[in-house]
Amino acid sequence: MVDTTAAPLDAVRRPTVAVLVPCYNEEAAIAKVVADFKAALPDATVYVYDNNSKDRTVEVARAAGAVVRTEPLQGKGNVVRRMFADIEADVYVMVDGDDTYHAASAPALVDRLVTEQLDMVNGARVTEIEAAYRPGHRFGNLLLTGLVTFIFGKRTNDMLSGYRVFSRRFVKSFPALAGGFETETELTVHALELRMPIAEVETPYKDRPPGSVSKLSTYKDGMRILWMITKLVKEERPMLFFGVAALLFALLSVILGIPIFVTFVETGLVPRLPTAVLATGLMILAFLSLTCGLILDTVTRGRREMKRLRYLEIPAPDFAPLGRG
């Protein structure tokens with residue numbers, strides 16, 4: 001009997017690769033980004049999604065050979081949602097349009113995804129150039145990445161990297177609810193929550209070219225990312241979120257209530273009635289918060305199962321890696 005379970009190498013088709021480049025005012029850098037990724041991945045299609053640029057980003061990207069499309073809703077998260085919805089491919093390479101990421105690493109990232117049948121490969125930034133990765137941004141990344149990995153599981157060291165490779169099943173099962181730079185956090189948590197097979201590869205990182213200006217606001221976007229983490233904890237870990245709130249309410253109630261209880265035992269009187277009412281109200285809030293956590297934990301489990309089933313509807317990647325002849 002002939003074994004037909006393993007297809008010959010020639011019968012395994014190569015993956016179609018799409019390079020996704022969200023852009024806002026990147027006239028100075030976009031031509032090189034397009035050229036470098038077309039050289040690194042010659043069979044890939046490079047898509048540049050312009051996000052209301054005020055300069056010549058669209059014209060320069062089109063002249064460089066990219067497929068240019070637009071997204072009028074401002075914010076990187078809105079662009080990512082549009083790209084993931086519009087583009088059909090087997091493998092998606094997402095990179096910022098500021099020419100800070102290493103295009104020559106793209107084939108290795110794609111091969112890693114395809115060879116190991118992964119759903120996401122994260123390009124962790126490595127650089128000695130202080131201007132490229134400022135100490136404040138580095139510290140903020142470590143802090144926010146540490147917070148997310150502490151809550152959701154440590155499987156990445158650079159949660160905020162803009163250089164990633166995705167499988168089709170990741171892209172088409174990703175809800176994409178974020179509007180701005182917090183989309184990287186949402187991408188990471190999506191992979192961690194569904195326990196997808198992922199990997200991280202260190203990639204060189206460099207400074208922007210002259211004339212290119214960062215759109216990232218350290219404090220404003222840092223607070224937006226922190227707020228996104230808080231919302232994701234509430235939505236994906238409701239028992240933890242509301243359990244901590246319940247514990248805080250209960251502790252405060254006990255701290256306020258103990259002196260009143262002691263006085264009542266000794267004298268039979270409740271001299272500080274407002275404080276007693278406050279302590280009682282806080283304890284009621286603690287039980288309400290705990291109840292919310294228990295109920296929402298069940299709801300979240302059902303949502304996670306639905307997302308997992310949607311993810312499993314899409315076939316796993318099974319292609320010949322780019323490096324094979």
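Everything numeric here is computed off the predicted structure, so don't read it as measured data.
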Cluster overlap Phe84 with Leu177, hydrophobic side-chain contacts below 4.5 Å: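 They do not share one cluster, since no chain of ILVMFWY contacts under 4.5 Å joins Phe84 to Leu177.
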Cluster check Leu312, Met120: I/L/V/M/F/W/Y, side chain < 4.5 angstrom: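 Yes; Met120 is reachable from Leu312 via cluster members.
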Worked check of side-chain hydrogen bond (donor to acceptor under 3.5 Å, both in side chains) between Thr57 and Glu27: CA-CA 4 Å; Thr57 295; Glu27 176 185 351; over 6 Å; no
Report yes if some heavy atom in the side chain of [X] is under 4.5 Å from a heavy atom in the side chain of [Y]; otherwise report no.
{"X": "Pro238", "Y": "Cys292", "result": "no"}
{"X": "Arg112", "Y": "Val201", "result": "yes"}
{"X": "Val148", "Y": "Val189", "result": "yes"}
{"X": "Leu118", "Y": "Met196", "result": "no"}

Partner of Phe249 under side-chain contact (heavy atoms from CB on, under 4.5 Å), chosen from Leu282, Val254, Ile284: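 Of Leu282, Val254, Ile284, side-chain contact (heavy atoms from CB on, under 4.5 Å) with Phe249 is met by Leu282 alone.
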Please answer whether the main-chain N or O of [Y] pairs with a side-chain N or O of [X] as donor and acceptor at a distance below 3.5 Å.
{"X": "Glu200", "Y": "Asp158", "answer": "yes"}
{"X": "Lys32", "Y": "Ile30", "answer": "no"}
{"X": "Ser289", "Y": "Leu285", "answer": "no"}
{"X": "Glu202", "Y": "Ala124", "answer": "no"}
{"X": "Arg164", "Y": "Ser161", "answer": "yes"}
{"X": "Thr149", "Y": "Gly146", "answer": "yes"}
{"X": "Ser53", "Y": "Asp55", "answer": "no"}

With the threshold set at 4.0 Å, does a side-chain nitrogen-carboxylate oxygen contact exist between [X] and [Y]?
{"X": "Arg56", "Y": "Glu59", "result": "no"}
{"X": "Arg303", "Y": "Glu236", "result": "yes"}
{"X": "Arg237", "Y": "Glu193", "result": "yes"}
{"X": "Glu235", "Y": "Lys231", "result": "no"}
{"X": "Arg14", "Y": "Asp90", "result": "no"}
{"X": "Arg81", "Y": "Glu71", "result": "no"}

Lys NZ or Arg CZ of Arg169 over Tyr311 ring: under 6.0 Å, within 45°: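 Verdict for Tyr311: a cation-pi partner in Arg169.
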Heavy-atom neighbours of Arg301 CZ exceed 12 at 6.0 Å: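 Counting other residues, nucleotides and ligands, CZ of Arg301 stays at 12 neighbours or fewer.
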Non-hydrogen atoms of Ala40 and Ala103 that approach each other most closely: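 Residues Ala40 and Ala103, closest heavy atoms: CB-O, 3.3 Å.
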Parallel, tilted or perpendicular: rings of Phe174 and Phe170 (30°, 60°):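 Judged by the thresholds at 30° and 60°, the geometry between Phe170 and Phe174 is parallel.
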Worked check of side-chain hydrogen bond (donor to acceptor under 3.5 Å, both in side chains) between Thr300 and Asp297: CA-CA 5 Å; Thr300 297; Asp297 191 61; 5.8 Å; no
Non-neighbouring partners of Arg62 that pass salt bridge (Lys or Arg N to Asp or Glu O under 4.0 Å), sequence neighbours left out: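 With sequence neighbours excluded, Arg62 shows a salt bridge (Lys or Arg N to Asp or Glu O under 4.0 Å) to no residue whatsoever.
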Spacing of CG belonging to Asn51 relative to OG1 belonging to Thr70, to within rounding of 0.5 Å: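 OG1 of Thr70 is found 9.5 Å from CG of Asn51.
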Pair Leu144-Leu160, side chain to side chain contact (heavy atoms under 4.5 Å, CB included): steps then yes or no: CA-CA 9 Å; Leu144 295 170; Leu160 301 181; 4.1 Å; yes
Side-chain donor-acceptor pair present, Gln74, Asn52, cut-off under 3.5 Å: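 Side-chain D/A pair, Gln74 to Asn52: present.
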